[in-house]
Amino acid sequence: NVSEKKFDCNGIPGGCTELTVLSGEDKGKSMRFDQYNRLIFINAKKDGTALFEYGKDVTVNLPQAYTMDDIMKGKVKF
């Protein structure tokens, strides 16, 4: 059996989820997921823990694209 509990994270009330094993050999072990359902933390009790971090959003600016024909005809200055 596994319990599911919502908790506050990243400024979102109840935005994240923790799953905890309730019985058996793995009792007490848990996993946490962020508001995007990405795994963020594992607590495997005496077997250790693992923290997962994800990069922030980035903006990529690409230069204008040119065809090989434009380059061969000298329309492009490098």
Side-chain angles (χ1 to χ4, degrees):
N1 289 345
V2 175
S3 72
E4 181 176 324
K5 178 179 84 173
K6 297 289 186 179
F7 65 96
D8 301 346
C9 70
N10 301 323
I12 302 170
C16 296
T17 305
E18 180 177 58
L19 301 177
T20 303
V21 179
L22 298 176
S23 60
E25 187 177 314
D26 294 324
K27 182 178 180 178
K29 293 181 179 182
S30 63
M31 295 180 289
R32 287 184 164 202
F33 299 87
D34 69 8
Q35 69 269 28
Y36 304 110
N37 292 320
R38 299 178 299 193
L39 180 63
I40 56 173
F41 187 73
I42 295 174
N43 182 357
K45 305 299 265 178
K46 64 182 177 190
D47 294 326
T49 61
L51 177 66
F52 298 85
E53 295 185 8
Y54 300 88
K56 297 185 184 253
D57 291 341
V58 296
T59 299
V60 177
N61 295 313
L62 299 175
Q64 180 178 347
Y66 296 100
T67 66
M68 188 58 115
D69 190 52
D70 289 339
I71 294 169
M72 297 305 288
K73 289 181 179 177
K75 295 179 180 178
V76 179
K77 303 288 185 213
F78 292 99

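Here the CG-CE distance, from N43 to M31, works out to 11.0 Å after rounding to the nearest 0.5 Å. A distance of 12.5 Å separates OG1 in T20 from CG in N1, rounded to the nearest 0.5 Å. Separating the CE atom in M72 from the OG1 atom in T67 is a distance of 11.0 Å, to the nearest 0.5 Å. Rounding to the nearest 0.5 Å places CG of L51 at 8.0 Å from OG1 of T49.
F7 and L19 fall into different hydrophobic clusters, defined by Ile, Leu, Val, Met, Phe, Trp and Tyr side-chain heavy atoms under 4.5 Å apart, directly or through other members. Both F33 and V2 are members of a single hydrophobic cluster when ILVMFWY side chains are connected at heavy-atom separations under 4.5 Å.
Shown here for D34 and N10, the closest heavy-atom pair between the two residues is CB-ND2, 4.4 Å. Of all heavy-atom pairs between C9 and G15, the closest is SG-C, 4.4 Å. The two residues L39 and F52 have their closest heavy-atom pair at O-CB, 3.3 Å.
Among residues at least two apart or in separate chains, salt bridge (charged side-chain N to carboxylate O under 4.0 Å, His left out) pairs with a member in residues 9-21 are K5-E18, E18-R32. Legend: salt bridge (charged side-chain N to carboxylate O under 4.0 Å, His left out) pairs involving residues 45-54, not counting sequence neighbours, sorted by first then second residue: K29-D47.
Judged by distance alone, with hydrogens and angles left aside, the side-chain atoms of D8 form a donor-acceptor pair with the main-chain N or O of G14 at under 3.5 Å.
The side chain to side chain contact (heavy atoms under 4.5 Å, CB included) test applied to K27 returns no partner, not counting sequence neighbours.
Residue Y36 places its OH atom among 12 or fewer non-hydrogen atoms of other residues, nucleotides or ligands, all under 6.0 Å distant.
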message = Could you walk me through whether Y54 and R38 satisfy the side-chain contact (heavy atoms from CB on, under 4.5 Å) test, starting with their C-alpha distance in whole Å, then the side-chain angles of each, then the deciding distance to 0.1 Å, before giving a yes or no?
response = CA-CA 9 Å; Y54 300 88; R38 299 178 299 193; 3.5 Å; yes
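Counting only heavy atoms from C-beta outward, the side chains of K6 and C16 never approach each other to under 4.5 Å.
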